[in-house]
Amino acid sequence: VDVNDASLSGKFTDTKYNLGIDVDVFVHKMNIKGSHYLTAKPVKAKLDLAIDNQRKIYRFTGGRLMLPQLPLSVNGLVEVKKVGIYSDIEVKGSELTIQSFLAQLPANYAQQLTDYSSKGNFNFLMNIKGLTTDSLSPKVTVAAGIDHAQIISEEYGATLDDVSLTANYTNGDAHSLAGSLLTITNLKAKLNDKLLQARLSVKDFSKPYLQMDLQADLDLEELRRFLPPSVVEEAKGSMSANIQVHGLIADLKNGSAMSNGAASGSIKLNGVHVKTKGYPLDLEDINAVLTLKGGVLQVDDFSGKVANVAVKLNGAVDNFLAFISKTDPAFQAHFKITAPYVNLQEFLALTQGEKKDTLGLFSISPTLNLSIDATLGALDFDKFSGKNLKANFTVKDQVARAEYFSVNTMDGIVEGKFSIDAADNKFIYIVLIFEGYHIFSFTWLLPWKSPVGQPGPMQERAFLFEVKPEGLTEYSP
């Protein structure tokens, strides 16, 4: 610290006297627990100090602390006691700018905000009161507010308007990290004239625990501007959300809290189109009501196009939070689906995240666990085509099967069941009933891929079946 100018004035006695202090300093660096504050900045301080040497009380009034573009008023007293130092101090800032406040943050914090700028005013009031010793800390309370501010994403060209909030902090009755509580209420903002409201609290700063409620009507195209373009390539439509999140912040970051159901609420989608990079299942004109509870995502009244297939569905993703937090790699879901047309082979290939030329091989992700009750107007699967298909499909452990299906094909109705094993021992097993009396069973070993990439030999077995009242029974010819 360089002292550029300093002056003291007042009346002095042996035990009591008053000082007028006016100091102009240049702070090169102030280090607090590894973070650098006020790096290369001028600081001015002016206050009236009443000193009582006999009682060791130092009272200051009319204090003004001038940081760069950040004027603060400081009043209070400090008393030196036998067991420590007692303080009762008030620091107040009124009609301050957000940018001037952020400019005082350490570089390691400010660097995280370089892509954002802000406009608007805020104010705060901090009180420090109590005894400071090796084992005790004073009571600290902070009240702050922001009104009609604006936050701008420079990188993505998006703006939050009319940002306002009320914040309060206390270190609790125990004056400790564990007793600390931060609450933010009346948080409001507008994104393209769509209202966003939230409130949150963080308690126990030794192990911070977050509780947050969010209500928002959002334009997805505007929301996408706040997200890295490497994640979401395109987003359109509107979303209404009512979301609650709770859990230890450390667990929320690593995903373990999310997998245990730390989030709940509902989302309504209207005319949504989403295209993400690295995942080909584009969503077009999606309307749906999504409800999240206990880690399960319930999907109701879903309609739109998935991978260019028009579908309607209801159902649930049973491990949604665990899946998106990557604590469970499997995707477990059950749906009731109706669609005018599906190419099943393309759908199975798309579940891997990319299309591949399998030379006739079936490929199913080992992490896919699905149960689908389907009604399809038309279905293509390799060289098979059919209409009016009804079936219950399951996909698990790289095996896709239907315990029962019926489909119009070959100028008749075919009923039956099938199984497609895409694991190490790849095969197809099919049982067919044609027009109620032609019954066959076939097992194909799928062509293996030779080192030069050509299909290998195919084996086939055929057995006759007979129909009995209790169902299908195989017999040896």
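Below, each value reflects all heavy atoms present in this structure, side chains not excepted, and no hydrogens, waters or symmetry copies. These figures come from a predicted structure and were not determined experimentally.
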statement: Note: D373 and A391 closest approach over all heavy atoms is OD1-O, 3.4 Å
- request: Would you please name every residue forming a side-chain hydrogen bond (donor to acceptor under 3.5 Å, both in side chains) with E284, sequence neighbours left out?
  value: none
- request: May I have the step-by-step check of side chain to side chain contact (heavy atoms under 4.5 Å, CB included) for T375 and I337, ending in yes or no?
  value: CA-CA 6 Å; T375 301; I337 299 176; over 6 Å; no
query: Any chance the side chains of N242 and S266 put a donor and an acceptor closer than 3.5 Å?
result: no
- prompt: Are any non-hydrogen side-chain atoms of V311 and F302 less than 4.5 angstrom apart?
  reply: yes
task: Please check if any side-chain donor atom of H334 sits under 3.5 Å from a side-chain acceptor atom of D318, or the reverse.
output: yes
task: Determine the minimum heavy-atom distance between T409 and S385, stating which atoms define it.
output: OG1-O, 2.9 Å
Closest non-hydrogen atom pair between L181 and S201, with its separation: CD1-CB, 4.3 Å
query: Please walk me through it: do L370 and F331 pass side chain to side chain contact (heavy atoms under 4.5 Å, CB included)?
result: CA-CA 8 Å; L370 291 176; F331 181 79; 3.9 Å; yes
task: Look only at the side chain of N369 and the backbone of D397, and say whether a donor-acceptor pair between them is shorter than 3.5 Å.
output: no
Which donor-acceptor pairs under 3.5 Å do the side chains of residues 287-295 make with protein atoms, sequence neighbours left out?
from : atom 1 : to   : atom 2 : distance (Å)
N287 : OD1    : G271 : N      : 3.0

message: Is there a side-chain contact between I243 and V245 in this structure, where contact means two heavy atoms from C-beta onward sitting under 4.5 Å apart?
response: yes
query: Do any pairs count as a side-chain hydrogen bond (donor to acceptor under 3.5 Å, both in side chains) and have a residue in residues 173-186, sequence neighbours left out, and if so which ones?
result: Y169-S180
field: Student check: side-chain heavy atoms of D219 and L191 closer than 4.5 Å
entry: no
- request: Return yes if a side-chain donor-acceptor contact under 3.5 Å exists between D204 and S206, otherwise no.
  value: yes
Note, L379 side chain near V407 side chain (heavy atom, < 4.5 Å): no
message: For the CG atom of D161 and the CG atom of L196, what is their distance to the nearest 0.5 Å?
response: 12.0 Å
- prompt: Shortest non-hydrogen contact from T159 to Q150?
  reply: CG2-CG, 3.4 Å
query: Do the non-hydrogen side-chain atoms of Y341 and D380 ever get within less than 4.5 Å of each other?
result: yes
message: As a quick check of understanding, evaluate side chain to side chain contact (heavy atoms under 4.5 Å, CB included) for V272 and L283, giving each step before the final call.
response: CA-CA 7 Å; V272 169; L283 306 178; 5.6 Å; no
- prompt: Is it true that the NZ or CZ of K203 lies under 6.0 Å from the centre of Y209's six-membered ring and within 45 degrees of the ring axis?
  reply: yes
Could you pull out every donor-acceptor pair under 3.5 Å between side chains of residues 136-147 and any protein atom, sequence neighbours left out?
from : atom 1 : to   : atom 2 : distance (Å)
K139 : NZ     : T170 : OG1    : 3.3
K139 : NZ     : G172 : O      : 3.4

task: Give, for atom CG of N270 and atom OG of S240, the distance between the pair rounded to the nearest 0.5 Å.
output: 6.5 Å
field: Those residues that, when tested against K336, pass salt bridge (Lys or Arg N to Asp or Glu O under 4.0 Å) (two or more places apart)
entry: none
- prompt: How many angstroms lie between atom OG of S238 and atom CG of L218, to the nearest 0.5 angstrom?
  reply: 9.0 Å
- line: dist L297:CG -> I267:CD1 (nearest 0.5 Å) comes out at 8.0 Å
query: Roughly how far, to the nearest 0.5 Å, is CD1 of I372 from CG of N392?
result: 9.0 Å
field: Selection residues 183-199 - residue pairs positive for salt bridge (charged side-chain N to carboxylate O under 4.0 Å, His left out), sequence neighbours left out
entry: R199-D213
query: Are L182 and F205 close enough that some pair of their side-chain heavy atoms sits under 4.5 Å apart?
result: yes
Validation row: L248, K207 side chains within 4.5 angstrom (heavy atoms): yes
- prompt: Is there a side-chain contact between D162 and H148, using heavy atoms and a 4.5 Å cut-off?
  reply: yes
- request: Identify the two heavy atoms, one from A339 and one from V309, that lie closest to each other, and give their separation to 0.1 Å.
  value: CB-CG1, 4.4 Å
field: Nearest non-hydrogen partners of R401 and S419, listed with the distance
entry: NH2-OG, 3.8 Å
message: Would M239 and L220 count as a side chain to side chain contact (heavy atoms under 4.5 Å, CB included) here? Give the steps.
response: CA-CA 7 Å; M239 176 181 76; L220 294 186; 3.9 Å; yes
- line: Value for CD (Q197) from CG (D217), rounded to nearest 0.5 Å, stands at 9.0 Å
